[in-house]
Amino acid sequence: LSKILKIAVLIIQASSILSFKQLNENEREVRSLQGAGTVADMVSTDPTIAAALFVTGLTAVLNGTGPVTFLPPTDAAIARSDEFDYIQQILDPSWISHLRVLFLYHTVDGVGFTSADLSVGDRFTTLEGSEFEITGLAPLVTINGNTPIVAPDTLATNGVIHALGNVLIPPALKLPIVDFMTTPPPATTYSFSTTLLELISLAGLESTLGGDGPFTLFAPTEVAIQQMETNSPGTLNFLRDPANKATLTSLLSYHAVSDLVLSATLMGASSIVSLDGSTLSVTVQGSSPVINGNANIVGSDIIARNGIIHIVDAVILPAATLPPTTTPNS
C-alpha cells in the first residue's frame with residue numbers, strides 16, 4: 001500500500017476505536033475515556049490516524065474549541081455497506097478528494113449533540129454542506145432512515161463521538177456527473193447548462209459519463225454556449241443534426257478527461273489529454289486555470305460520484321471538428 005492509501009485505510013480503521021462501547025466488559029474503560037481529550041485525540045491514538053485526519057482536512061475542526069460532533073462508521077458497518085465497492089474505490093490515493101467529502105459528511109461543526117438531545121425530524125448541516133436527518137429514536141437513534149448510531153455519546157472535551165452502524169453517503173457521492181448536473185444536490189450552489197445536458201444526451205454520452213470513472217468534465221455555462229451560437233449562427237442546429245453526431249461527440253469529448261483533475265493540479269500543469277485523445281493547453285491567469293487560452297474556470301472542484309466538474313465560461317472548440325460556419329477559439 002502507498003503511504004496515502006495506508007492513511008486512507010486508517011481513517012476507516014479509526015472507527016474501530018469506538019467499537020469498544022459495544023462490549024459490556026469494556027464499559028468501565030469507556031467511562032474512563034469520557035472527556036479524556038478532544039475528538040481528534042480520541043480517534044487518533046495512532047499517529048498515522050492523526051495524519052489521516054489531516055489529509056481529509058478534519059484535524060483542525062476535531063481538535064478545535066468545538067463544539068463538534070463526529071460520526072465515524074465502524075469497520076463492520078463498512079464491510080456490510082451496500083457501498084462497500086465504492087468505498088474501496090475511493091480509498092485509492094487518486095480519489096482522496098472524494099474520501100474527504102465522505103468524511104466531511106460525517107462531521108457536524110458548531111454542535112456537540114448527544115442522543116438525549118435528539119428528536120425525530122432534527123436536521124444537521126454537515127461540513128460537506130449537505131444535511132442529514134434524525135429519522136428514528138428507538139431502539140437506536142437512526143439517521144437518514146438506514147444508519148443507526150450503535151455506540152452513542154462518547155464525550156470529548158470539545159464535542160461528542162457517535163459510532164455508526166452504516167456509512168452515510170452524501171448526496172453528491174450518489175450521483176454520477178450527468179445526473180448531478182441534471183438534478184444538483186441541495187447543497188450545490190451552481191447551476192448547469194440545460195443545452196449542454198441536451199447535447200450530451202444527443203451524443204449518447206450519458207452512459208459513458210455515468211460509468212465508474214474517473215472523469216473530469218469542463219462544463220460550459222449556458223451563456224458560453226449561447227455566445228458560441230451568437231458568434232457562429234447555426235452551430236447548435238448543426239450539432240443537433242443526427243447526421244453530425246460524430247462531430248458532436250468529438251466536441252463534447254474534448255471537454256472531458258478520463259482522470260480526476262483538481263484545480264490545484266491544473267495550476268501546476270501545462271497540458272492535459274482529453275477523452276478523445278486531444279491535448280488541451282493549461283495556463284494560469286491570476287489565481288485561476290485557463291483551458292486552451294480562453295476557457296476560464298468559473299466554478300471549480302465540484303465533486304460528483306464518479307468525478308469532478310469544472311464550470312468554464314467558454315466552449316472549447318477543436319478546429320478539426322467544427323462546422324464550416326464556425327470559427328475556432330484561439
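Note that this is a predicted model, so its numbers are computed, not measured. Both backbone and side-chain heavy atoms feed into the values below; hydrogens, waters and symmetry mates do not.
Using a 30° and 60° split on the angle between ring planes, F103 and F70 fall in the tilted class, from 30° to 60°. Using cut-offs of 30° and 60° for the angle between ring planes, the H98 and W95 rings count as perpendicular.
Taking the side chain as every heavy atom from C-beta outward, R305 and L175 never approach each other to under 4.5 Å. Between N166 and D82 there is no side-chain heavy-atom pair separated by less than 4.5 Å. Using a 4.5 Å cut-off on side-chain heavy atoms (C-beta onward), R240 and T195 make contact. You'll find the side chain of L209 stays beyond 4.5 Å of the side chain of M181, heavy atoms only. Counting heavy atoms from C-beta on, the side chains of L104 and L58 come closer than 4.5 Å. The side-chain heavy atoms of F124 and I143, taken from C-beta on, include no pair separated by under 4.5 Å. Two residues are said to be in side-chain contact when any heavy atoms from C-beta on lie closer than 4.5 Å; T107 and T126 fail this criterion.
Ring centers of H310 and F218: under 6.0 Å apart, within the cut-off.
The two residues I311 and S191 have their closest heavy-atom pair at CD1-O, 4.1 Å.
Put simply, the side chain of T147 never gets that close to the backbone of L168: no donor and acceptor are under 3.5 Å apart. A donor-acceptor pair under 3.5 Å is absent between the side-chain atoms of S201 and the main chain of L197, judged by distance alone.
No chain of hydrophobic side-chain contacts below 4.5 Å, direct or via other Ile, Leu, Val, Met, Phe, Trp or Tyr residues, connects F132 to V160. Connection of M267 to I308 is not established within any shared hydrophobic cluster, with ILVMFWY side chains joined at heavy-atom distances below 4.5 Å, either directly or through further cluster members. Residues V39 and V108 are members of separate hydrophobic clusters, defined by side-chain heavy-atom contacts under 4.5 angstrom among Ile, Leu, Val, Met, Phe, Trp and Tyr. Residues L164 and V61 do not share a hydrophobic cluster, clusters being chains of Ile/Leu/Val/Met/Phe/Trp/Tyr side chains in contact below 4.5 Å.
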> Would T135 and E133 satisfy side chain to side chain donor-acceptor pair (under 3.5 Å), going step by step from the backbone distance to the final call?
Replying inline: CA-CA 6 Å; T135 52; E133 182 180 359; over 6 Å; no
> Could you walk me through whether L239 and N244 pass the side chain to side chain contact (heavy atoms under 4.5 Å, CB included) check?
Replying inline: CA-CA 6 Å; L239 293 173; N244 299 318; 5.9 Å; no
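Within 6.0 Å of CG in D241 there are more than 12 heavy atoms belonging to other residues, nucleotides or ligands.
In this model, no donor atom of one side chain and acceptor atom of the other lie less than 3.5 Å apart for D313 and T221. Residues E83 and S81 have side chains that never bring a donor and an acceptor to within less than 3.5 angstrom of each other. In the model, Q89 has no side-chain atom that pairs as donor or acceptor with a side-chain atom of D85 under 3.5 Å. At a cut-off of 3.5 Å, with distance as the only test, a side-chain donor of D117 or T114 sits close to an acceptor on the other residue.
With values rounded to the nearest 0.5 angstrom, I297 atom CD1 is found 12.5 Å from I309 atom CD1.
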